[in-house]
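Each chain gets a letter, A, B and so on, in the order its sequence line appears, and its residues count up from 1.
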2 protein chains.
Amino acid sequence: MSIDYILEPSPDYACKFINTKKSSQVIILYGNLSAKYEGRARAELELAPRIVITKPDGTLMIHESSKREPVIWNPPGSTFYALSEYGILIIKSVRPSPKEYVTIEVPVIHFIGAFNVGVSKSYKVHGSEEDLRNYLMNNLHIVEDGLKLISKEYHTQVGSIDLLCEDKNGNYVAIEIKRAQAGPEAVHQLKRYVEYLSNKFQNKKIRGILVAPDISASAFKYLRSYGLEFRRLRSTI
Amino acid sequence: MSIDYILEPSPDYACKFINTKKSSQVIILYGNLSAKYEGRARAELELAPRIVITKPDGTLMIHESSKREPVIWNPPGSTFYALSEYGILIIKSVRPSPKEYVTIEVPVIHFIGAFNVGVSKSYKVHGSEEDLRNYLMNNLHIVEDGLKLISKEYHTQVGSIDLLCEDKNGNYVAIEIKRAQAGPEAVHQLKRYVEYLSNKFQNKKIRGILVAPDISASAFKYLRSYGLEFRRLRSTI
DNA sequence: AACTGTATGTCGATC
DNA sequence: GATCGACGTACAGTT
């Protein structure tokens with residue numbers, strides 16, 4: 001598990017280094033570089049010391065000294081290669097769709113390293129909305145007494161309804177779950193579902209319940225004006 | 001502009017290395033590590049070779065061999081420090097609000113490097129929605145003949161309206177701009193604005209125009225059902 | 001600090 | 001491939 005690296009390599013060497021290792025290792029380059037991005041938008045970086053990271057899946061990122069986000073990047077599925085032109089290392093990346101181009105010129109290369117890194121296959125985040133939905137599905141009484149599950153993730157043309165239930169009076173109930181504070185979009189989403197269901201099941205009364213740990217003031221106003229309901233639920237999962 | 005790095009350092013050395021450089025340099029570590037995240041959600045990583053990147057602004061990221069996103073991270077504004085316990089390097093990161101904790105244990109350290117990286121002060125992305133808005137503001141005839149600007153980014157309790165105009169018939173026109181294909185949310189957003197304005201200016205007729213390069217089928221359906229308008233506009237900026 | 005909206009969002013799932 | 005919604009979204013701007 002030794003790493004491959006080189007300090008102040010020649011452009012030609014760096015070029016070969018990158019092209020031979022890019023498909024199997026994470027490559028990290030440190031150098032003075034300028035860069036350009038063109039695609040859905042455009043951006044340009046003046047010559048300055050930065051860090052370039054590439055991954056075998058085609059990801060390419062340029063990082064600076066602040067922010068979690070790269071300043072310039074192309075996502076997985078892109079392809080890239082290095083070339084040496086006029087004694088300068090150039091890295092070109094293309095994202096197939098939408099067409100996006102990143103070009104990096106590296107007149108001064110301080111360091112290149114190639115690292116063997118894996119990917120956690122079993123990686124799972126807990127406490128997501130999905131977890132909350134699964135929990136509620138089996139504990140519908142928490143939302144309201146007498147609810148019976150009809151379907152979870154009921155897919156419609158207007159999106160998928162987290163939980164579709166029937167209440168003790170025979171009404172259908174669309175439940176929209178948010179793991180964090182609900183905003184106006186959540187309310188509108190729920191309203192769309194209720195409208196859709198009202199249209200589809202004209203003989204049924206349709207209720208809509210928004211389940212979330214909290215709701216913003218304006219969102220609550222909408223909710224009320226639409227005749228929807230809110231059920232506060234701290235996610236203790 | 002030489003870089004500081006070390007191969008297979010001792011935990012103690014790595015610890016000092018990190019703590020002395022963390023506030024001024026980007027640090028990259030490669031090693032076998034396990035990690036844990038707890039905060040808004042929870043996640044855990046089994047021992048495996050990965051890359052850790054820290055930045056002077058407090059950003060901490062763990063990257064694997066695929067995806068643009070780190071598997072585990074804490075964003076800018078967090079603080080972190082290294083310690084050596086039972087001969088194992090440990091990195092602890094705390095995000096102040098919301099409280100989130102990342103703990104990394106690195107039994108095997110292959111490489112640590114510290115890099116001087118700047119931040120592009122003048123960096124600017126072109127072709128963003130803001131650009132499009134500024135352009136349209138000065139070229140309202142592209143949207144419709146005879147439009148007069150009343151306000152840009154008209155802030156209301158329900159959000160800010162991209163452009164508020166008056167048409168040649170004296171009606172108010174809310175314009176919502178999207179730089180990419182508009183979905184249902186965009187339509188609902190616009191509808192909210194129109195409703196708000198209708199309420200505020202009861203003596204005025206309020207129109208709503210969605211300006212975007214494209215619109216999804218279902219979004220268009222909503223738009224029509226709400227009596228709103230769509231203006232296709234390729235952003236050629 | 002809370003809230004709202006944008007993003008080259010990214011990512012995964014469904015159709 | 002298009003569309004949709006979740007995300008530990010991150011991030012910037014306004015209240």
| For atom P, what is the distance between D:dG8 and D:dC4, given to the nearest Å? | 22 Å
| query | Can you tell me how far P in C:dT4 sits from the matching atom in C:dT8, rounded to whole Å? | reply | 22 Å
Would you say that [X] contacts [Y] through its side chain, given a criterion of any heavy-atom pair below 4.5 Å between the two side chains?
X: B:V117; Y: A:H63; result: no
X: A:V26; Y: A:P56; result: yes
X: B:T59; Y: B:I53; result: no

[N] [atom2] sits how many Å from [X] [atom1], rounded?
X: A:K36; N: C:dT8; atom1: NZ; atom2: P; value: 18 Å
X: B:E129; N: C:dG5; atom1: CD; atom2: C1'; value: 8 Å
X: A:H155; N: C:dG12; atom1: NE2; atom2: P; value: 17 Å
X: B:K152; N: C:dT6; atom1: NZ; atom2: P; value: 14 Å
X: B:Y196; N: C:dG5; atom1: OH; atom2: C1'; value: 17 Å
X: A:D214; N: C:dT4; atom1: CG; atom2: P; value: 11 Å
X: A:I161; N: C:dT14; atom1: CD1; atom2: P; value: 16 Å
X: A:Y37; N: C:dA7; atom1: OH; atom2: P; value: 11 Å

Under 4.0 Å between any heavy atoms, over every strand shown, what does [X] touch: base, sugar-phosphate, or nothing? Just pick one.
X: B:G159; value: sugar-phosphate
X: B:Y193; value: sugar-phosphate
X: B:S97; value: nothing
X: B:E153; value: nothing
X: B:E176; value: sugar-phosphate
X: B:E100; value: base
X: B:Q189; value: sugar-phosphate

| query | Start at the 5' end of DNA chain D and walk down; is the nucleotide closest to B:T59 or to A:S160 reached first? | reply | A:S160
| note | Between B:E130 and A:S216, whichever has its closest DNA chain C nucleotide further toward 5' is A:S216
Does the distance from a Lys or Arg side-chain N to an Asp or Glu carboxylate O, for [X] and [Y], drop under 4.0 Å?
X: A:K121; Y: B:E46; value: no
X: B:R179; Y: B:E129; value: no
X: B:K36; Y: B:E38; value: yes

| field | Pairs flagged by side-chain hydrogen bond (donor to acceptor under 3.5 Å, both in side chains) wherever residues 211-221 of chain B is involved - sequence neighbours left out | value | B:D214-B:R232
| said: Suppose we screen for side chain to side chain donor-acceptor pair (under 3.5 Å). Which residues come up paired with B:K191, at least two apart in sequence or across chains? | reply: B:E195
| request: Name all residues meeting the salt bridge (Lys or Arg N to Asp or Glu O under 4.0 Å) criterion together with A:K178; count only those two or more places apart in sequence or in a different chain, and write none if there are none. | output: A:E176
| Donor-acceptor contact below 3.5 Å, side chain B:R50 vs main chain B:L33 | yes
| task | Can you sort out which residues in residues 67-77 of chain B have a heavy atom within less than 4.0 Å of DNA chain C? Ascending by number, please. | result | B:K67, B:R68, B:E69
| So which of residues 221-229 of chain B are in contact with DNA chain C, with a heavy-atom cut-off of under 4.0 Å? | none
| Distance under 6.0 Å and angle within 45° of ring axis: B:K92 vs B:Y101 | no
| Is B:E153 atom CD crowded by more than 12 heavy atoms from other residues, nucleotides or ligands, each under 6.0 Å away? | yes
| task | Could you work out which one of C:dT6, C:dT14, C:dT8 sits closest to the side chain of B:D162? | result | C:dT6
| query | Along DNA chain D, 5' to 3', what are the outermost nucleotides having an atom less than 4.0 Å from a heavy atom of chain A? | reply | D:dC4 to D:dA12
| query | Pick from B:T54, B:V52, B:I51: which one makes a side chain to side chain contact (heavy atoms under 4.5 Å, CB included) with B:I28? | reply | B:I51
| said: Looking at C:dT6, I'd like to know if its phosphate oxygens (OP1 or OP2) sit under 4.0 Å from a side-chain N or O belonging to A:R40. | reply: no
